Amino acid sequence: MVPPARFLLESLRRAGMSDAVTVEPVAGGLAALAGIADRRDGPPVFVKALADAPADDVFVAEADGLAALRRLGGVTTPEVLLAGREVLVLSVLRPRPPGEAFWERFAHVLAHLHLSTSHPRFGWHRDNWLGRRRQINTWDDDGFAFFAQHRLLRWLGQPRVEAALDAGDRKALERLCDRLPELLPDRPACLTHGDLWAQNVLATPDGQPALIDPAVSYMWAEVDLAHVWSTSPPPEARRFFDVYAELTGLDGDWRSRMPIIQLRQHLAVLAQFDDDWGAADQIRATLAPFRTNT
């Protein structure tokens with residue numbers, strides 16, 4: 001197996017960035033290798049690469065999502081320097097600064113994204129990718145149907161999901177999908193990041209929030225909120241939720257909806273990784289009330 005640093009450096013050079021000198025791999029990503037590349041003739045760059053890309057459009061679709069967040073929602077994203085089949089090259093961002101002030105600023109950024117990008121339909125103009133699995137974004141006027149079909153039930157049939165969930169769990173998921181209009185409020189679609197766990201929240205050099213690794217679509221805003229809520233944000237993020245709720249007028253029951261909405265992400269993790277970080281247990285716990293018709 002080629003060492004990650006060498007693989008990333010060779011990928012950059014094959015893509016035409018011949019002045020790349022060395023690459024220091026970075027941790028955090030689950031689907032691709034990543035690192036910071038030093039160059040002879042320019043500033044360092046962030047590089048992502050796939051050894052066996054599942055399709056030609058993985059990084060092109062990611063670049064499209066970054067541009068949409070920036071252009072439509074006013075979100076800071078890294079500059080896309082190169083997007084090809086094998087490699088994605090971006091400007092370098094910084095780790096998040098500590099403290100509540102950053103998360104309060106991020107609450108304003110996310111609220112603006114969601115409030116300023118309402119859309120009459122659910123979906124996106126193209127399919128894109130969540131990890132190494134294609135995210136289907138076929139347009140639909142019905143958010144409940146879209147969420148059920150393209151965000152939950154689409155994971156049934158995946159080998160790891162079939163192995164982890166029994167027939168009762170799978171039937172329970174179908175029952176839950178049938179009852180989504182009773183379980184969730186009828187919300188409009190807006191532009192969502194789509195993969196908003198804490199690792200995808202970074203900062204500009206002057207400490208402003210910036211986002212990476214999107215799987216964008218027009219969907220319910222609470223898809224993004226549920227992901228932040230459910231992926232162990234740091235203690236200083238507590239004010240984020242209060243500020244976001246104030247800015248967007250969230251009702252007091254929003255926390256009770258998070259496990260149902262986050263099923264989408266738990267299923268995606270279960271489908272793609274040998275270590276599911278407790279996703280199967282979370283799925284079974286959320287589905288337990290739906291295992292019978294009573």
Side-chain angles (χ1 to χ4, degrees), residues 28 62-79 90 93-119 122-124 128 130 135 137 143 146-147 151 184-185 187-265 268:
E62 183 174 336
D64 175 65
L66 290 169
L69 290 170
R70 181 171 59 252
R71 183 180 71 255
L72 301 175
V75 176
T76 298
T77 60
E79 180 185 357
L90 307 171
L93 293 173
R94 304 287 178 85
R96 297 187 308 269
E100 291 187 350
F102 173 85
W103 284 94
E104 290 191 27
R105 288 194 294 271
F106 178 47
H108 283 266
V109 169
L110 192 64
H112 177 77
L113 169 67
H114 292 158
L115 292 173
S116 65
T117 58
S118 61
H119 196 276
F122 295 81
W124 189 239
N128 44 32
L130 186 64
Q135 177 168 272
N137 292 320
F146 180 87
F147 188 69
R151 297 297 184 262
L184 301 175
R187 302 290 199 203
C190 66
L191 184 60
T192 56
H193 177 281
D195 194 11
L196 197 58
W197 66 312
Q199 293 280 11
N200 286 341
V201 183
L202 296 178
T204 62
D206 62 352
Q208 297 304 308
L211 300 182
I212 60 169
D213 291 354
V216 300
S217 66
Y218 286 109
M219 190 54 224
W220 298 317
E222 289 182 18
V223 166
D224 283 344
L225 188 68
H227 208 171
V228 182
W229 175 260
S230 303
T231 51
S232 301
E236 60 265 25
R238 182 180 60 179
R239 276 288 293 158
F240 163 82
F241 298 102
D242 294 337
V243 173
Y244 179 89
E246 292 167 6
L247 292 170
T248 58
L250 272 181
D251 61 273
D253 293 332
W254 68 267
R255 292 173 180 82
S256 67
R257 299 191 289 271
M258 297 295 96
I260 290 175
I261 296 174
Q262 189 64 1
L263 273 173
R264 172 257 194 171
Q265 199 68 22

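Keep in mind that this is a model prediction, so the values were computed, not measured. Sequential numbering from 1 along the given sequence is applied to the chain's residues.
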J.: Do F240 and P233 come within less than 4.5 Å of each other through their side chains, counting heavy atoms only?
T.: no
J.: Quick one: are L211 and L202 in side-chain contact, heavy atoms under 4.5 Å?
T.: no
J.: One pair to check against side chain to side chain donor-acceptor pair (under 3.5 Å): N128 and D64. What are the steps and the verdict?
T.: CA-CA 9 Å; N128 44 32; D64 175 65; 5.9 Å; no
J.: Which heavy atom in D224 sits nearest to a heavy atom in H193, and how many Å separate them?
T.: OD2-N, 2.9 Å
J.: Can you tell me which residue among L191, V109, T117 is in a side-chain contact (heavy atoms from CB on, under 4.5 Å) with L69?
T.: L191
J.: Would a 4.5 Å heavy-atom cut-off, applied to side chains only, mark T248 and L225 as touching?
T.: no
J.: Determine yes or no for a side-chain-to-main-chain donor-acceptor pair under 3.5 angstrom, with T192 supplying the side chain and S217 the backbone.
T.: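 Here the side-chain-to-backbone pair exists.
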J.: Could you tell me which non-hydrogen atom of L113 sits nearest to which non-hydrogen atom of G73, and how far apart they are?
T.: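 Closest approach of L113 to G73: CD1-CA, 3.7 Å.
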J.: Kindly state whether the ring of Y244 and the ring of H108 have centres lying under 6.0 angstrom apart.
T.: no
J.: How far apart are the closest heavy atoms of G194 and L130, and which atoms are they?
T.: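 Closest pair (atom of G194, atom of L130, distance): O-CD1, 4.0 Å.
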J.: Please name the pair of heavy atoms, one in A203 and one in P95, separated by the smallest distance, quoted to 0.1 Å.
T.: CB-O, 3.7 Å
J.: Side-chain contact test, heavy atoms from C-beta onward, threshold under 4.5 Å: evaluate it for L110 versus L196 and give yes or no.
T.: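 Touching, per the 4.5 Å side-chain cut-off.
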J.: Does the pair Q135 and R264 meet the rule for a side chain to side chain donor-acceptor pair (under 3.5 Å), with working shown?
T.: CA-CA 11 Å; Q135 177 168 272; R264 172 257 194 171; 2.5 Å; yes
J.: If you round to the nearest 0.5 Å, how far is CH2 of W124 from CE of M219?
T.: 14.5 Å
J.: Between E104 and R239, is there a salt bridge with N-O shorter than 4.0 Å?
T.: yes
J.: For the residue pair E222 and L250, establish whether any side-chain heavy-atom pair is separated by less than 4.5 Å.
T.: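 Result yes, sub-4.5 Å side-chain heavy-atom pair found.
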J.: The test is side chain to side chain contact (heavy atoms under 4.5 Å, CB included); show your working for Q262 and W229 and say whether it passes.
T.: CA-CA 9 Å; Q262 189 64 1; W229 175 260; over 6 Å; no
J.: Let me confirm one number: the CD-NE2 distance from Q265 to H227, rounded to the nearest 0.5 Å.
T.: 3.5 Å
J.: Around R187, counting heavy atoms of other residues, nucleotides and ligands shown, do more than 12 lie under 6.0 Å from its CZ?
T.: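 Atom CZ in R187 is crowded, with more than 12 foreign heavy atoms closer than 6.0 Å.
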J.: So F147 and W220, would you call those rings parallel, tilted or perpendicular, with 30° and 60° as cut-offs?
T.: tilted
J.: Angle class for the F106/W103 ring planes (parallel below 30°, perpendicular above 60°, tilted otherwise)?
T.: perpendicular
J.: S256 side chain to D253 main-chain N or O, any donor-acceptor pair under 3.5 Å?
T.: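 Present.
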J.: Is W197 close to V228 at the side-chain level, that is, under 4.5 Å between some pair of heavy atoms?
T.: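 In short, these two side chains do not touch, never coming nearer than 4.5 Å.
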J.: With heavy-atom distances below 4.5 Å as the criterion, would you say the side chains of P78 and L66 are in contact?
T.: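 Contact flag for P78/L66 side chains = yes.
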J.: Does any N or O in the side chain of R94 come within less than 3.5 Å of the main-chain N or O of Q208, such that one atom is a donor and the other an acceptor?
T.: no
J.: Quick one, D195 and N200 - any side-chain contact, counting heavy atoms below 4.5 Å?
T.: yes
J.: Using the ring of each side chain (for Trp, its six-membered ring), is Y218 parallel, tilted or perpendicular to H119, with breaks at 30° and 60°?
T.: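 Aromatic pair Y218/H119 classed parallel.
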J.: Search all heavy atoms of P185 against all heavy atoms of R257 and return the closest pair with its distance.
T.: CD-CD, 3.2 Å
J.: Do you know the tightest heavy-atom contact between V216 and N137?
T.: O-ND2, 3.9 Å
